[in-house]
Participant: 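Below is a structure I'd like to ask you about.
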Amino acid sequence: MTPTLHSFAIFVHDIARARKFYVDTLGLPVVASGSFGFQLLESSPHLSVHPAEHPDAKAMVGRHTGITFEVDQLLEFCSVLGERGVKFIAEPTQQGFGVMALVSDPDG
C-alpha cells in the first residue's frame with residue numbers, strides 16, 4: 001500500500017467568514033461540510049477548513065500557509081478578486097514560470 005495525499009488543513013477563527021472567502025470569493029467548490037468545517041475541491045488533494053476550537057489549533061490560525069492554485073486567465077481573475085475586496089500580498093507579477101499573485105485569507 002502506498003499512501004496518497006488526501007487533503008491540506010487550514011484552521012480559522014470564523015468558519016462562516018472563511019466559507020464566504022473560499023467559496024463565494026474564490027469560487028472553490030464545496031464537496032463536504034459539517035461540524036468539522038468544510039472541504040473544498042472535487043479531487044484530492046482537498047482543502048479542508050476547520051474552526052480553531054482547540055488551543056493548539058487556535059495557535060495555528062494566521063500562520064503562513066502556502067497553497068498554490070493554477071488559474072486560467074490569472075490577470076482577469078485577480079481583477080475580479082480585487083473588486084471583491086481580496087487583500088493582495090503581492091500583485092500579479094511575471095516570474096520565470098509564469099504570472100504569480102499572492103492573496104491573504106481573512107485570517108491572514
Participant: Let's go through Thr25 and Leu81 carefully: what are the C-alpha distance in whole Å and the side-chain angles of both, what is the deciding distance for side-chain contact (heavy atoms from CB on, under 4.5 Å) to 0.1 Å, and is it a yes or a no?
Facilitator: CA-CA 7 Å; Thr25 302; Leu81 294 181; 4.1 Å; yes

Participant: Would you check if Arg19 and Val30 make a side-chain contact, meaning some heavy-atom pair closer than 4.5 Å?
Facilitator: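 Yes; the side chains approach each other to less than 4.5 Å.
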
Participant: Do Val31 and Leu5 sit in the same hydrophobic cluster, where Ile, Leu, Val, Met, Phe, Trp and Tyr count as joined when their side-chain heavy atoms come under 4.5 Å apart?
Facilitator: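 No, it is not one cluster - the side chains of Val31 and Leu5 are not joined through contacts under 4.5 Å.
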
Participant: Are Met100 and Leu26 linked, directly or through intermediate hydrophobic residues, by side-chain heavy-atom contacts shorter than 4.5 Å (ILVMFWY only)?
Facilitator: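 No, Leu26 and Met100 fall in different hydrophobic clusters.
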
Participant: Just so I know, are the side chains of Phe77 and Asp72 near enough to count as touching, which here means a heavy-atom distance under 4.5 Å?
Facilitator: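 They are not in side-chain contact.
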
Participant: Under 4.5 Å between side-chain heavy atoms, chaining through other members, with only Ile, Leu, Val, Met, Phe, Trp and Tyr counted: pull out the rest of the cluster around Phe36, sorted by chain and number.
Facilitator: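 Under the 4.5 Å side-chain rule, Phe36 groups with nothing.
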
Participant: Which atom pair, heavy atoms only, marks the closest approach of Ile15 to Gly37?
Facilitator: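 Minimum heavy-atom contact is CD1-CA, 3.9 Å.
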
Participant: side-chain hydrogen bond (donor to acceptor under 3.5 Å, both in side chains): which pairs involve residues 90-108, sequence neighbours left out?
Facilitator: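 Qualifying pairs, neighbours excluded: Arg17-Asp107, Tyr22-Asp105.
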
Participant: At their closest point, which heavy atom of Lys58 faces which heavy atom of His13, and how far apart are they?
Facilitator: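 Looks like O-CE1, 4.4 Å.
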
Participant: Hey, what else clusters with Phe11 if you join Ile, Leu, Val, Met, Phe, Trp, Tyr whenever side-chain heavy atoms sit under 4.5 Å?
Facilitator: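 Result for Phe11 is Met60, Val61.
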
Participant: I need the minimum non-hydrogen distance between Cys78 and Phe88, along with the two atoms involved.
Facilitator: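 Minimum heavy-atom separation between Cys78 and Phe88: O-CZ, 3.6 Å.
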
Participant: Report yes or no: do Val71 and Ile89 belong to one cluster of Ile/Leu/Val/Met/Phe/Trp/Tyr joined by side chain heavy-atom distances under 4.5 Å?
Facilitator: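 Shared cluster, no.
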
Participant: Please check if the number of heavy atoms outside Phe8 that lie under 6.0 Å from its CZ is greater than 12.
Facilitator: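 Count not over threshold, so no.
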
Participant: Where do Pro92 and Val99 come nearest, in terms of heavy atoms and distance?
Facilitator: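 Between these two residues, the closest heavy atoms are CB-CG1, 4.0 Å.
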
Participant: Roughly how far, to the nearest 0.5 Å, is the CG atom of Leu47 from the CZ atom of Phe69?
Facilitator: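 If I round to the nearest 0.5 Å, the distance is 5.5 Å.
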
Participant: Taking the side chain as every heavy atom from C-beta outward, state whether Val23 and Leu40 have any atom pair closer than 4.5 Å.
Facilitator: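 Yes. Closest side-chain heavy atoms under 4.5 Å.
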
Participant: Donor-acceptor check, side chain of His46 to backbone of Ser48, threshold 3.5 angstrom: yes or no?
Facilitator: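 The answer is no, because no donor-acceptor pair under 3.5 Å joins these two groups.
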
Participant: Can you check whether Ser7 reaches Pro45 side chain to side chain, under 4.5 Å on heavy atoms?
Facilitator: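 With C-beta onward as the side chain, the pair stays apart.
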
Participant: To the nearest 0.5 Å, what is the distance between CD1 (Ile67) and OG1 (Thr65)?
Facilitator: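 The CD1 atom of Ile67 sits 6.0 Å away from the OG1 atom of Thr65.
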
Participant: Report the distance from atom OG of Ser44 to atom CD of Gln39, rounding to the nearest 0.5 Å.
Facilitator: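 With rounding to 0.5 Å, OG (Ser44) is 7.5 Å from CD (Gln39).
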
Participant: I'd like to check Arg84 versus Val80 (side-chain heavy atoms, cut-off strictly below 4.5 Å). Are they in contact?
Facilitator: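 They are in contact (side-chain heavy atoms under 4.5 Å apart), so the answer is yes.
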
Participant: Can you name the nearest heavy-atom pair linking Ala59 to Arg63, along with the distance?
Facilitator: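 So the minimum-distance heavy-atom pair works out to O-CD, 3.5 Å.
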
